[in-house]
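Model, not experiment: these values are computed from the prediction. Each residue takes its place number in the sequence, starting with 1.
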Amino acid sequence: MTHEARPLMRAVTQDRPGGPEVLRLVETERPSPGPTEILVRVHAAGVNPADRQIRSRGAFSTGATTPFTLGFDVSGVVEAVGRGVTVFRPGDAVFGMPRFPHPAGAYADYVTAPARHFAHRPERLDHIHAAALPLAALTAWQALVDTAGIGPGTRVLIHAAAGGVGHLAVQIAKSRGAYVIGTAREAGHGFLRALGADELIDHTRQDFAEAVSDVDVVLDAVGPAYWSRSLSTLRPGGTLISIVPPDGTFPAERAHAAGVRAVFMLVEPDQAALRAVASLVDSGRLRVEVDAVVPLAEAARAHALGEGGRTRGKIVLSVVEPAADAAALVSASRQVE
């Protein structure tokens, strides 16, 4: 008895840890959705620091066996639905961060994942910009809204404010009525002022710990070099939220002794938060900056760009649209803004 072969798709895989050069484009079998899952035709996939960490060091306990496909941020169109799915139909445009931190395989033509790891794509966004949102926006939302509970008058210090998470965190904080202070190189200050930042500090010229005080919440995407100094900016009862995995220097005990809190937060799939983010986008209160668009076949180049450390906003892999057309979409959106 013969079995009919499954349709093939493209995917970017790696069979060993290493630099960007380990990423390679292959043909593999297209997945099928199981119960409660959807099959999404990927139009674009966001590139995140987590992708680069997993590629180079196997960061997080992903459970992936080699070869495996990277990628968590997805924007695309529902191709098929599994048994029991009621919230989506074939043809729906969706975006999401499926399965994180377990393997999702977004660097591919198709992905399958639980339906409730996705939400309807914001109406104002094309797939390129929607793919830049999920992981970064969910991180900012879960840190500032769910963990810190910010509201009107909350003083928030956001490190790396012009980065992928940072520039979205600035806008989410402002949408909640917070007072926002950001650290960024001077070249990004105009960009951040346009997003609503109230104060900006060039961390290459001034120690933020000397310039800032009485902060309620610090959102840190930099890491150990900033942790101790960030604690000194907090008022009693304040919270430092790090999205960089802690090491032996993480100051949780010292924070407790000082009457403040220091926590590490790992983002989770969250349909309710995705819907809240989409609502902010469609109301004009949240926009996502795309720094570069790279075709799927050149994922290694996208990783090399990200490792340069000077990107503003996000890097996105174009899976369906030709890279030139996708880049033109980004250029046009910047002119409108």
Side-chain angles (χ1 to χ4, degrees), residues 46 48-50 73 97 100 119 122 132-184 188 191-201 208 212-223 226-227 230-231 233-246 250 252 255 260-289 313-314:
N48 292 288
D73 278 340
M97 185 196 69
F100 188 88
L133 267 177
L135 191 148
L138 286 178
T139 299
W141 182 275
Q142 291 172 8
L144 296 177
V145 179
D146 296 340
T147 302
I150 66 169
T154 304
R155 286 173 56 83
V156 180
L157 172 60
I158 298 171
H159 291 312
V165 171
H167 84 288
L168 298 171
V170 167
Q171 298 170 81
I172 288 171
K174 292 304 297 181
S175 77
R176 310 288 288 190
Y179 184 90
V180 176
I181 307 162
T183 63
F191 166 63
L192 290 168
R193 287 192 188 95
L195 298 182
D198 298 288
E199 289 184 37
L200 294 164
I201 299 164
F208 68 84
V212 181
S213 61
D214 293 325
V215 169
D216 296 294
V217 179
V218 178
L219 177 57
D220 172 57
V222 177
Y226 275 26
W227 288 338
S230 292
L231 287 184
T233 70
L234 289 169
R235 61 176 50 155
T239 302
L240 163 64
I241 303 169
S242 176
I243 59 173
V244 178
F250 192 67
V260 296
R261 183 169 65 137
V263 298
F264 164 64
M265 193 208 80
L266 189 62
V267 67
E268 305 172 53
D270 186 343
Q271 188 182 65
L274 282 173
R275 288 173 173 170
V277 166
S279 179
L280 284 178
V281 170
D282 285 334
S283 67
R285 291 180 291 168
L286 182 67
R287 68 180 179 94
V288 58
E289 180 79 359
K314 295 292 295 292

Chemist: Please report the interatomic distance CD(Q142) to CD1(I243), rounded to the nearest 0.5 Å.
Modeler: 11.0 Å
Chemist: Kindly compute the distance separating CG (N48) from CG (L135), expressed to the nearest 0.5 Å.
Modeler: 4.5 Å
Chemist: Can you name the one residue among V156, I158, L200 that meets side-chain contact (heavy atoms from CB on, under 4.5 Å) with V170?
Modeler: I158
Chemist: For the atom pair NZ (K174) and CD1 (I150), what is the distance rounded to the nearest 0.5 Å?
Modeler: 10.0 Å
Chemist: Please name the pair of heavy atoms, one in A136 and one in K314, separated by the smallest distance, quoted to 0.1 Å.
Modeler: CB-NZ, 4.3 Å
Chemist: Between R176 and V145 (side chain of the first, backbone of the second, donor and acceptor by atom type, cut-off under 3.5 Å), is there such a pair?
Modeler: no
Chemist: What heavy-atom pair brings A255 and R261 nearest, and what distance separates the two atoms?
Modeler: CB-C, 4.0 Å
Chemist: Can you check whether L286 reaches L168 side chain to side chain, under 4.5 Å on heavy atoms?
Modeler: yes
Chemist: Look up atom CG in L195 and atom CD in Q171, then write down how far apart they are to the nearest 0.5 Å.
Modeler: 4.5 Å
Chemist: Take L280 and W141 through the test side-chain contact (heavy atoms from CB on, under 4.5 Å) and record every step on the way to the result.
Modeler: CA-CA 11 Å; L280 284 178; W141 182 275; 4.0 Å; yes
Chemist: For the OG atom of S213 and the CD1 atom of I181, what is their distance to the nearest 0.5 Å?
Modeler: 8.0 Å
Chemist: Where do V217 and A148 come nearest, in terms of heavy atoms and distance?
Modeler: CG2-CB, 3.7 Å
Chemist: Indicate the atoms forming the closest heavy-atom contact of A132 with V288, along with that distance.
Modeler: CB-CG2, 3.6 Å
Chemist: Kindly assign one of parallel, tilted or perpendicular to the pair F208 and Y226, based on the angle between their ring planes and the thresholds 30° and 60°.
Modeler: tilted
Chemist: What is the minimum heavy-atom distance between P122 and V281, and which atoms define it?
Modeler: CB-CG1, 3.7 Å
Chemist: Please find the pair of heavy atoms, one from A273 and one from L138, that lie closest to each other, and give the distance.
Modeler: CB-CD2, 3.5 Å
Chemist: Kindly say whether R235 contributes a backbone atom to a donor-acceptor pair with the side chain of D214 at under 3.5 angstrom?
Modeler: no
Chemist: Should the pair W227 and F250 be assigned to parallel (<30°), tilted (30 to 60°) or perpendicular (>60°) ring geometry?
Modeler: perpendicular
Chemist: Applying side-chain contact (heavy atoms from CB on, under 4.5 Å) to M97 and L133, what does each step give before you reach the verdict?
Modeler: CA-CA 9 Å; M97 185 196 69; L133 267 177; over 6 Å; no
Chemist: Quick one: CG on D270 to CZ on R275, what's the gap to the nearest 0.5 Å?
Modeler: 10.5 Å
Chemist: Taking it one step at a time, do D146 and M265 satisfy side-chain contact (heavy atoms from CB on, under 4.5 Å)?
Modeler: CA-CA 11 Å; D146 296 340; M265 193 208 80; over 6 Å; no
Chemist: Just do the side-chain contact (heavy atoms from CB on, under 4.5 Å) check on V260 and L240 with the steps written out, would you?
Modeler: CA-CA 8 Å; V260 296; L240 163 64; over 6 Å; no
Chemist: Any side-chain to backbone donor/acceptor pair from S279 onto A276? Under 3.5 Å, distance only.
Modeler: no
